[in-house]
Protein chains: 2
Amino acid sequence: MTVSRTMSGGRNVRPEVQVRVRAAADQLGYRPNQSARNTRLRRPTGLIGVAVTNLGNPYYGQFALGIEDVAAQNGRHILIGNTREDPSRERELLDDFAGRQVEGLIIVPAGNGLSVLGEGQVTSSMPLVLATRAVQGVRSDTVLVDDVGGAVAGTTALIDDGHSRVAFLGDISGIPTARRRFEGFNSALDARGLGFDESLLYSVRDADSALQAVAGSLGGHNPPTAFFSTNNRTTVGALRAVWNHRRNHPGLEVPAIASFDDVELADLLDVPLTVMSHDPRALGAQAARMLFERLAGDAPSEPRTISMPVTVQRY
Amino acid sequence: MTVSRTMSGGRNVRPEVQVRVRAAADQLGYRPNQSARNTRLRRPTGLIGVAVTNLGNPYYGQFALGIEDVAAQNGRHILIGNTREDPSRERELLDDFAGRQVEGLIIVPAGNGLSVLGEGQVTSSMPLVLATRAVQGVRSDTVLVDDVGGAVAGTTALIDDGHSRVAFLGDISGIPTARRRFEGFNSALDARGLGFDESLLYSVRDADSALQAVAGSLGGHNPPTAFFSTNNRTTVGALRAVWNHRRNHPGLEVPAIASFDDVELADLLDVPLTVMSHDPRALGAQAARMLFERLAGDAPSEPRTISMPVTVQRY
DNA sequence: CTGTTAGCGCATTCAT
DNA sequence: ATGAATGCGCTAACAG
């Protein structure tokens, strides 16, 4: 008990004894076992579980930073896992997080919108905030991006520049976010009385496949004059392809790109670029704040959905 | 006991009973308490503590991804914290990690090489791998980058291009990595019989300050013809400054940049660029592998230091 | 100020 | 195949 008391503040232990206890602890490398401590105190673990779809994407680095920041302010730590868009990996992570008694979850749902979260096992037992994508059948706090509005604005800007034949780069069957952006894209075309040529829909996810798609598209018959890119990975590919195209065909009009998400240095590239951007770090911070509000009990019982604004910039 | 047995595999429990148990568990949202489990089994937690200096930097996103990958393969999860180069935050994290009985640590030491790790409290009690930077007085497995060799190679390439007046962008007093790269930079100049003009040493850390420094430098008397940039953040700033300079002074020779660390899209920028790069994801994976080797007991008792190779590319 | 008792949730061991 | 007793490391509550 004297040791226990000393290690947890030292109330009611003689200072000199405390010194001896600490010295011995240092010597022996003793540290109180938090697992046992938590067991006994029936205390929350101070852990937040975070699952993202691609840790290697700078976007999610910023996102994680936003969460970490707010978590640290609230004395919590984050357990982070990468789902690689793989629902089974997501399930593993969720099970593990739950078993570790995390206090809450911030999840970027993997896959096509029917993630394992929909089964409702984990989600009912602890506070959950969904980020970036909603999941069918899951009623929980959610932080979305104004995908539709942003896509409408970006596409409209493209149209106003005179583009009427615009290709779309994104995996609308696999990724809900891409689907919503496609919606906005389409309704902007509609609003201007333009149709979308289905042959200009490229189902790509990463930079390489986007590069191939754009290169192929520009090399084909009746190529588009602009590309709508759904995320920063596909934008990188599109930029490279357009860059190559410009180098190989000097004098020709340079195809324009409308990119959802910003890419560092893209503004210097001399490619007509419309960026529909938002701040992933702010998104992460917002998700974390919603989670902590709920943990603190001062959130309404109804799930809240917040939509992060999207701004359009031209380069 | 029947529940316990069922939840941990179901040996010696009648199948029909197992079904009922699982049903009830689902219904109630019951999940075995890992803390209690670990306490009883005196089992390791399956957690790895990771501390990086800047989670928002894409470099560390890749680094974390490399760790996560290997950790997942080994059935471990990662607890990640951001130190913001702040030693006191590092200490907090380390204490917390230790208290949570993480099985091992992968740390990018914060600050100037005399991190709190030097005090030896935490480090003696569990396996530790230092990444990117070494710490004075700490003998542990370490994964470094060939900073000196890479800097020599990059600087030499610059000199061979005819540059004799090269500025240096990096915080050599605050960041050990920058110091080592400065060493290589200097010895390459020496080897070619060139001196370094101390007035061309800019102690910058982030993109903005690097941009200011380069802009100022190019606007001054006797400006350098090239810049050595110590990391991807300072490189982004330098690229922007050089870009602006070229736009404002067409016809003038464009200053060259030698960048330690690659930056996405920089190769398209039409700025003479020498990149000394390595793969942060591989570095993370390597650090994780060393940690798990040690945990498995099949590592030599002597601490090992591995140096990741640096390749030089020209754009 | 310090020690004793009891119990957190779980699993090993030994009964039945 | 199931249950009872016991103890993991810790601390609240109660002695003294």
Side-chain angles (χ1 to χ4, degrees), chain A residues 1-47 49 75-77 79 92 94-104 121-122 124-126 295, chain B residues 1-47 49 75-77 79 94-104 121-122 124-127 295:
Chain A
M1 271 319 299
T2 299
V3 173
S4 172
R5 280 195 256 261
T6 301
M7 298 311 279
S8 52
R11 291 181 60 82
N12 292 338
V13 182
R14 259 164 47 220
E16 48 182 282
V17 178
Q18 289 192 45
V19 172
R20 279 165 49 213
V21 169
R22 289 188 195 286
D26 274 8
Q27 177 111 29
L28 301 168
Y30 168 84
R31 300 195 161 260
N33 182 323
Q34 283 292 339
S35 293
R37 190 161 221 243
N38 289 335
T39 300
R40 174 63 233 249
L41 296 180
R42 304 166 129 207
R43 245 216 300 234
T45 53
L47 252 30
R76 307 307 212 293
H77 291 260
L79 210 47
E92 274 176 39
L94 256 26
D95 278 345
D96 187 88
F97 287 163
R100 289 184 192 284
Q101 327 293 123
V102 299
E103 294 186 51
Q121 320 274 312
V122 174
S124 55
S125 61
M126 83 186 74
L295 284 175
Chain B
M1 268 321 300
T2 299
V3 174
S4 173
R5 279 194 256 262
T6 302
M7 298 310 279
S8 50
R11 290 181 62 82
N12 291 339
V13 182
R14 266 168 35 225
E16 49 182 281
V17 178
Q18 288 191 45
V19 172
R20 281 164 48 214
V21 170
R22 289 188 194 286
D26 273 8
Q27 177 111 27
L28 302 169
Y30 167 83
R31 304 201 159 252
N33 182 323
Q34 283 294 337
S35 292
R37 190 162 222 238
N38 290 334
T39 300
R40 174 63 231 252
L41 297 181
R42 303 162 133 212
R43 247 216 302 233
T45 52
L47 252 30
R76 309 305 214 293
H77 291 261
L79 209 47
L94 256 25
D95 279 345
D96 188 87
F97 287 164
R100 289 182 191 285
Q101 326 293 122
V102 299
E103 294 185 52
Q121 320 272 314
V122 173
S124 55
S125 62
M126 82 186 73
L295 285 174

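Atoms considered below: every heavy atom in the structure, side chains included; atoms not considered: hydrogens, waters and symmetry mates. Just so we're on the same page: letters track the sequence lines, and every chain starts at 1.
Of all nucleotides listed (D/dT2, D/dC10, C/dC10), D/dT2 comes nearest to the side chain of B/Arg14. Distance from the side chain of A/Thr39 is smallest for C/dG9 among the nucleotides C/dG9, C/dA11, C/dC1.
Using a 4.0 Å heavy-atom cutoff across all strands shown, A/Asn12 reaches at least one base atom of the nucleic acid.
Distance CZ (A/Arg43) to P (D/dC10): 13 Å, rounded to an integer number of Å. Between the CZ atom of B/Arg37 and the C1' atom of C/dA11 there is a distance of 8 Å, given to the nearest Å. Between B/Arg11 atom CZ and C/dT12 atom C1' there is a gap of 14 Å when expressed in whole angstrom units. Rounded to whole angstrom, the span from the CZ atom of B/Arg42 across to the C1' atom of C/dT12 amounts to 12 Å. With rounding to whole Å, A/Arg20 atom CZ is found 12 Å from C/dT2 atom C1'. Across the protein-nucleic acid pair, A/Met1 atom CE and C/dT5 atom P stand 14 Å apart, rounded to whole Å. The distance from atom CG of B/Asn38 to atom P of D/dG7 is 21 Å, rounded to the nearest whole Å. Atom P of nucleotide C/dG7 and atom CG of A/Leu41 are separated by 16 Å, given to the nearest angstrom.
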Would A/Asn33 and B/Gln101 count as a side-chain contact (heavy atoms from CB on, under 4.5 Å) here? Give the steps.
CA-CA 7 Å; A/Asn33 182 323; B/Gln101 326 293 122; 3.9 Å; yes

Could you walk me through whether A/Arg31 and B/Asp95 satisfy the side-chain contact (heavy atoms from CB on, under 4.5 Å) test, starting with their C-alpha distance in whole Å, then the side-chain angles of each, then the deciding distance to 0.1 Å, before giving a yes or no?
CA-CA 9 Å; A/Arg31 300 195 161 260; B/Asp95 279 345; 3.9 Å; yes

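With A/Glu103 contributing its side chain and A/Pro44 its backbone, the two residues share no donor-acceptor pair below 3.5 Å. Between the side chain of B/Arg37 and the backbone N or O of B/Arg43, no donor-acceptor pair lies under 3.5 Å.
Side-chain nitrogen and oxygen atoms of B/Ser35 include none within less than 4.0 Å of the OP1 or OP2 phosphate oxygen of C/dG9. Under 4.0 angstrom from either OP1 or OP2 of D/dG9 there lies no side-chain N or O belonging to B/Arg40. Taking 4.0 angstrom as the limit, B/Ser4 places a side-chain polar atom (N or O) nearer than this to OP1 or OP2 of C/dA11.
If you check distances only, the side chain of B/Arg5 does reach the base of D/dG3 with a donor-acceptor pair under 3.5 Å.
Under 4.0 Å is where a charged nitrogen must lie from a carboxylate oxygen, and between B/Asp96 and B/Arg100 at least one such pair does.
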